[in-house]
Amino acid sequence: MKRLFILIILGLILANIPCFASSKYYLNVYHELDNKVKVDQALVSNVGFKLLNANKIDKRMAFVYSRKSTVNAFSNSLDRRIIICKGIVDYMDSEDELAGIMAHEISHSIDSYNGILRGSLNFIPQAFVPRKYERKADLRAVDFMVNAGYNPLALIIIMNKVSGQYRYEVLSTHPLTSRRLAYIYEYIYRKYPAFLANNAYIDNIYYQNFLLNSEHNRKKLEQAVNSGSKKRIRYDY
Amino acid sequence: MITRIILISLLLTSAAFAVDDKFAEALDKNLKFPSAKQNKFCDTPLKNGNYVLPQAKNIHYEDSLVKKTLAGKTFEIPEPNLTYDYSDSKYVVVKIRPTAGISTNKNGAASGDIVKFKVEEDVIYEGKLILPKGTEINAIVENVSPNGKMGVPAHLVISRFSSPLVENKTLDFTINRQGQNRSLWVYPVSYVLMPFFGAGFPITFIRGGNVNIKPNEVIQIYYRPTRFRKSL
């Protein structure tokens, strides 16, 4: 009993330590950001509504810029708000990249409208087979970007910059980033080859890195293109 | 024994946070990090030699796939839909029917395919015949997401309807359909049956519904002559 009591106390102490550690540092960061926030919120809203209007998306959704330093963006399927965290905006070098991330989240938000009871139960397949929806959102994002006048190759760039690379995707909510990049590249290649033929990002350091790390996958696509196959390609890790 | 291990790990964790705090303070005050200790080895034999640092190469990777398959061909970048005017709500309904069935099954529609429809009734706008009955209308399959296990439905998006008889972008509609969502019952049933010697396992292989647009299905799209202005 005594040991259990000590364990509980120790657990509580351990759980509370992170609350105090470095809090001063994070507060200072927030303070410095205060002037920048308005600009970013305006940009986020502007890009979001431009994507909605250009793609004739008649579903309502709102765009929020969060000051959290998490490198993430997500769509809330309850109130259809798309949240873009400061952490991910920090990585961006162009409006095209922001549009890529937002277009991906818009696709998730549209999915939340589908199905019975105004899409109330649509979270079930999305929660249990999320990778299928992620892949779909990536590809729809390319369409949304093109219709709004953005360069879809920016989606490859921001993803190559931000997304990590897991070993296996079995327990992951997202497909492996290398595969996501390959699917996006294939989609652009087949549907909007003009962006690759006149590649505005060919000298971009992140795009160059993508060309380096996707060589095997692009070879697979080349084989499929040469054989005229339209079957889904199983891209490498 | 357990208590000791926990106490030691607690001490170690606290030390880690203490270091983190110092790091944060250093960042705050723009302090420089402590310099690395002098390397004695570098001081003696390497000190008087002339060494040239390796030059950074200007590496440039080329997209061999694009070079082999797209070079020399001309492609047009699709015109973005930025000249919209949603204040104008004038429209006429256009009833169309697919010339062949459209499906998301294995040998069905693929993203980027052109699908054909035919106008079911004459379309008249402000007393003028715009689209006579039987006019062919093309559309593009924007996205196909196949059905999956666990009852996950397929998705199909068709848009960019066009006809040579009307101006570009005046035929306005997006077909956005989802197949039957069987996951609503596949999940509960498989979970309930799982404790009975894994009887729920085979149920997880049940796939969701495909999207099927039959050739006799009439779809309503809109002719909106003023919604998209011509780009300047």
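Just so it is clear: chains get the letters A, B, ... in the order the sequence lines come, proteins before strands, and each one is counted from 1.
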Q. Distance from B:Ser64 atom OG to A:Leu211 atom CG, nearest 0.5 Å?
A. 8.5 Å
Q. For A:Arg140, is it the side chain, the backbone, both, or neither that has a heavy atom closer than 4.5 Å to a heavy atom of chain B?
A. both
Q. Given A:Tyr113 and B:Asn176, is the side-chain contact (heavy atoms from CB on, under 4.5 Å) satisfied, shown in steps?
A. CA-CA 11 Å; A:Tyr113 275 95; B:Asn176 193 345; over 6 Å; no
**Q.** Where A:Ala148 and B:Pro80 come nearest, the two heavy atoms and their spacing
**A.** C-CB, 3.9 Å
**Q.** Residue part contacting chain A, namely of B:Val144, when any heavy atom lies under 4.5 Å
**A.** neither
Q) Is chain A contacted by the side chain of B:Asn107, its backbone, both, or neither, given a heavy-atom distance below 4.5 Å? A) neither
**Q.** B:Asp63 CG to A:Phe210 CZ distance, which is reported to the nearest 0.5 Å
**A.** 7.5 Å
Q) Is it true that atom CZ of B:Phe201 has more than 12 heavy atoms of other residues, nucleotides or ligands lying nearer than 6.0 Å? A) no
**Q.** Straight-line distance of B:Asp172 CG to A:Lys56 NZ, nearest 0.5 Å
**A.** 4.0 Å
Q. Could you give the distance from CD (B:Glu142) to CG (A:Asn55), rounded to the nearest 0.5 Å?
A. 8.5 Å
Q: Answer with side chain, backbone, both or neither: which region of A:Lys191 has an atom nearer than 4.5 Å to a non-hydrogen atom of chain B?
A: side chain
Q | Proximal component of B:Lys106, with respect to chain A [non-hydrogen, under 4.5 Å] | A | neither
Q: Would you mind telling me which of A:Val142, A:Leu212, A:Asp203 has the largest number of heavy-atom pairs within less than 4.5 Å of chain B?
A: A:Leu212
Q: Using a 4.5 Å cut-off on heavy atoms from C-beta on, say whether the side chain of A:Asp58 contacts that of B:Tyr86.
A: no
Q. Between A:Gln208, A:Lys136, A:Glu222, which shows the greatest number of heavy-atom pairs under 4.5 Å with chain B?
A. A:Gln208
Q) What is the distance from atom CG of B:Asn81 to atom CG of A:Asn53, rounded to the nearest 0.5 Å? A) 10.5 Å
Q. Counting only heavy atoms not in B:Tyr125, do more than 12 sit closer than 6.0 Å to its OH atom?
A. yes
Q | Non-hydrogen atoms of A:Ala194 and B:Ile77 that approach each other most closely | A | CB-CG1, 3.6 Å
Q: Please look at A:Tyr207 and chain B and tell me whether the side chain, the backbone, both or neither of the residue comes under 4.5 angstrom of a heavy atom of that chain.
A: side chain
Q.
Is any side-chain heavy atom of A:Asp111 closer than 4.5 Å to one of B:Gln178?
A. no
Q: Below 4.5 Å from any heavy atom of chain A, which atoms of B:Tyr61 appear? Answer side chain, backbone, both or neither.
A: both
Q | Contact leader toward chain A among B:Glu62, B:Lys149, B:His155, where contacts are heavy-atom pairs under 4.5 Å | A | B:His155
Q: Kindly give the heavy-atom pair with the smallest separation between A:Val146 and B:Pro78, and that separation in Å.
A: CG1-CG, 3.6 Å
(Q) Would you say CD of A:Glu215 has more than 12 non-hydrogen atoms from neighbouring residues, nucleotides or ligands within 6.0 angstrom? (A) no
Q) Could you give the distance from CG (A:Leu196) to OG1 (B:Thr69), rounded to the nearest 0.5 Å? A) 9.0 Å
Q) Checking heavy atoms, do the side chain of A:Asp143, its backbone, both or neither come under 4.5 Å from chain B? A) side chain
(Q) Contact between A:Pro193 and B:Leu70 at the side-chain level, heavy atoms closer than 4.5 Å - yes or no? (A) yes
Q.
Are B:Val152 and A:Tyr133 packed together at the side-chain level, in the sense that at least one heavy-atom pair is separated by less than 4.5 angstrom?
A. yes
Q: Would you confirm whether A:Tyr189, through its side chain, and B:Leu65, through its main-chain N or O, come within 3.5 Å as a donor-acceptor pair?
A: no
**Q.** Side-chain (A:Lys132) to main-chain (B:Pro146) donor-acceptor, under 3.5 angstrom
**A.** yes
(Q) Atom NZ of residue position A:Lys220 - does it have more than 12 heavy atoms of other residues, nucleotides or ligands inside 6.0 Å? (A) yes
Q: Go through the atoms of A:Tyr185 and report whether side chain, backbone, both or neither lie under 4.5 Å from a heavy atom of chain B.
A: side chain
Q: Determine the minimum heavy-atom distance between A:Ala54 and B:Tyr84, stating which atoms define it.
A: N-CE2, 4.0 Å
